[in-house]
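See below for the structure under consideration.
FYI, the numbering just counts along the sequence from 1. Ligands are counted one by one from 1 in listed order, and the atoms in each one are counted from 1 as well.
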Amino acid sequence: MLRYLRHAGRMWSSEVNDAMVDQLAPTGVEHVADIGAGMGAGVAVAARRAAHVWAIEPTPYMQRLLRLRTRALRLPVTVVDGAAEATGLNDVSIDAVMAVNTMHHWVDTSTAAAELARIVRPGGRLLLADEDFDDPGHPEHHKWGSMNNTNGEEHHHHFDMVGAEQMGELFAANGFTVTIAGKVDLVGRPTLMVAADKPV
Ligand SMILES: C[S@@+](CC[C@H](N)C(=O)[O-])C[C@H]1O[C@@H](n2cnc3c(N)ncnc32)[C@H](O)[C@@H]1O
């Protein structure tokens with residue numbers, strides 16, 4: 001828990017999540033799933049644009065915070081005890097999937113790709129991004145880059161299990177048309193991004 005409290009500021013709201021919702025561009029009739037929703041930085045923004053947001057989150061105290069936050073704000077959000085590998089959502093029920101700074105936590109990326117392919121409807125889309133804190137060009141590289149992380153905290157903020165390109169290949173193998181699978185600049189932050197569309 002302490003690890004996440006250190007990040008509480010940017011997990012409550014962040015430019016990266018704002019930019020991701022802008023890029024995902026949910027409409028007022030769409031259902032969005034935020035995978036690894038954390039404290040709701042993306043959920044709170046997406047829920048003001050979408051018909052409904054499904055906040056998928058495996059960590060119990062994050063779920064509690066998310067429920068408190070979204071109920072207090074009366075947002076159209078359902079918090080689900082789930083993970084990328086098992087979202088708990090119905091088949092082809094989701095128009096748009098987003099995930100921010102969580103792919104590096106996914107234990108089984110092949111299962112996660114198949115799971116997201118299961119829940120996205122034909123014609124739907126996904127947008128996944130992990131900031132690359134290991135890139136010296138990242139404004140917080142000095143703080144969170146693995147080489148510079150001297151605060152004794154276990155390092156979590158880089159793709160150490162699979163690269164964005166390999167993630168793209170996994171989604172292509174699951175029937176998606178991949179439009180981005182690599183490093184991009186997202187609000188001045190080097191970011192590993194996967195964007196893909198599910199053909200109709
Ligand atoms: C760094 S936080 C990011 C939270 C939020 N997306 C944000 O941008 O503020 C990473 C989140 O991933 C969640 N997580 C851990 N393992 C996961 C998994 N297998 N599938 C989905 N989310 C996971 C954690 O509980 C945590 O809330």
Side-chain angles (χ1 to χ4, degrees), residues 1-24 26 32-47 50 53-70 73 75 77-89 94 96-120 126-134 138-140 143-146 149 151 153-162 167 170-171 186-187 189-194:
M1 185 189 292
L2 285 177
R3 170 156 60 85
Y4 287 122
L5 286 180
R6 294 173 56 83
H7 300 274
R10 68 182 170 79
M11 285 184 70
W12 193 258
S13 86
S14 77
E15 269 189 299
V16 168
N17 272 280
D18 295 351
M20 285 287 285
V21 175
D22 274 347
Q23 195 162 329
L24 194 67
V32 171
D34 187 2
I35 310 295
M39 296 179 191
V43 169
V45 181
V53 177
W54 300 84
I56 313 303
E57 175 52 51
T59 305
Y61 69 87
M62 293 287 187
Q63 294 166 9
R64 283 196 289 276
L65 260 174
L66 263 169
R67 287 196 182 98
L68 281 172
R69 182 178 191 183
T70 54
L73 296 173
L75 293 172
V77 174
T78 304
V79 178
V80 180
D81 178 13
E85 296 85 351
T87 60
L89 299 179
I94 296 299
V97 169
M98 63 178 286
V100 178
N101 289 337
T102 177
M103 273 188 287
H104 57 280
H105 287 286
W106 298 358
V107 182
D108 181 343
T109 47
S110 297
T111 303
E115 173 67 356
L116 299 186
R118 182 185 70 75
I119 63 169
V120 174
L126 56 84
L127 184 64
L128 320 172
D130 269 31
E131 290 176 68
D132 186 357
F133 293 94
D134 280 345
H138 192 290
E140 291 181 282
K143 206 168 165 191
W144 304 117
S146 54
N149 189 352
N151 57 22
E153 182 182 348
E154 190 187 345
H155 181 68
H156 287 269
H157 295 280
H158 60 118
F159 259 109
D160 51 4
M161 287 172 281
V162 63
M167 280 303 272
L170 283 177
F171 284 105
L186 188 65
V187 286
R189 292 158 174 260
T191 298
L192 297 156
M193 179 176 278
V194 179

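Where the criterion is an N or O separation shorter than 3.5 Å, residue side chain and backbone included, Gly36 meets it with respect to ligand 1. Between His104 and ligand 1, a contact under 3.5 Å exists for no N or O pair. Geometrically, ligand 1 and Asn101 share no nitrogen or oxygen pair separated by less than 3.5 Å. Taking distance alone, with nitrogen or oxygen atoms compared against 3.5 Å, Val100 approaches ligand 1 more closely than that limit. Between Ala83 and ligand 1, not a single N/O pair is under 3.5 Å apart.
Against a heavy-atom cut-off of under 4.0 Å, Gly38 is close to the following atoms of ligand 1: 4 (C), 27 (O). Residue Thr59 has at least one heavy-atom neighbour below 4.0 Å for each of these atoms of ligand 1: 24 (C), 25 (O). Residue Glu85 has at least one heavy-atom neighbour below 4.0 Å for each of these atoms of ligand 1: 18 (C), 19 (N), 20 (N).
At a 4.0 Å heavy-atom cut-off, ligand 1 touches Glu57 through the side chain alone. Residue-level proximity to ligand 1 for Asn17 is carried by the side chain, the only part with a heavy atom below 4.0 angstrom.
Counting only distance, with no hydrogens or angles, the side chain of Thr111 and the backbone of Thr109 share no donor-acceptor pair below 3.5 Å. Using a distance-only test at 3.5 Å, with no hydrogens or angles considered, no donor-acceptor pair links the side chain of Arg189 to the main chain of Val16. At distances below 3.5 Å, at least one donor-acceptor pair connects side-chain atoms of Glu57 with backbone N or O atoms of Ala37. The closest donor-acceptor contact from the side chain of Asp130 to the backbone of Thr102 lies under 3.5 Å.
Minimum interatomic distance between Ala19 and Leu186 (heavy atoms only, all atoms of both residues): CB-CD1, 3.8 Å.
Looking at Leu126, Val100, Leu128, Thr87 one by one, the single match for side-chain contact (heavy atoms from CB on, under 4.5 Å) with Ile35 turns out to be Thr87.
At least one heavy atom of Ala37 sits closer than 4.0 Å to an atom of ligand 1.
For Glu85, there are no side-chain hydrogen bond (donor to acceptor under 3.5 Å, both in side chains) partners at least two apart in sequence or on another chain. Partners of Ala113 according to the side-chain contact (heavy atoms from CB on, under 4.5 Å) rule, which considers only residues two or more places apart in sequence or in another chain, are Leu170, Phe171, Asn174.
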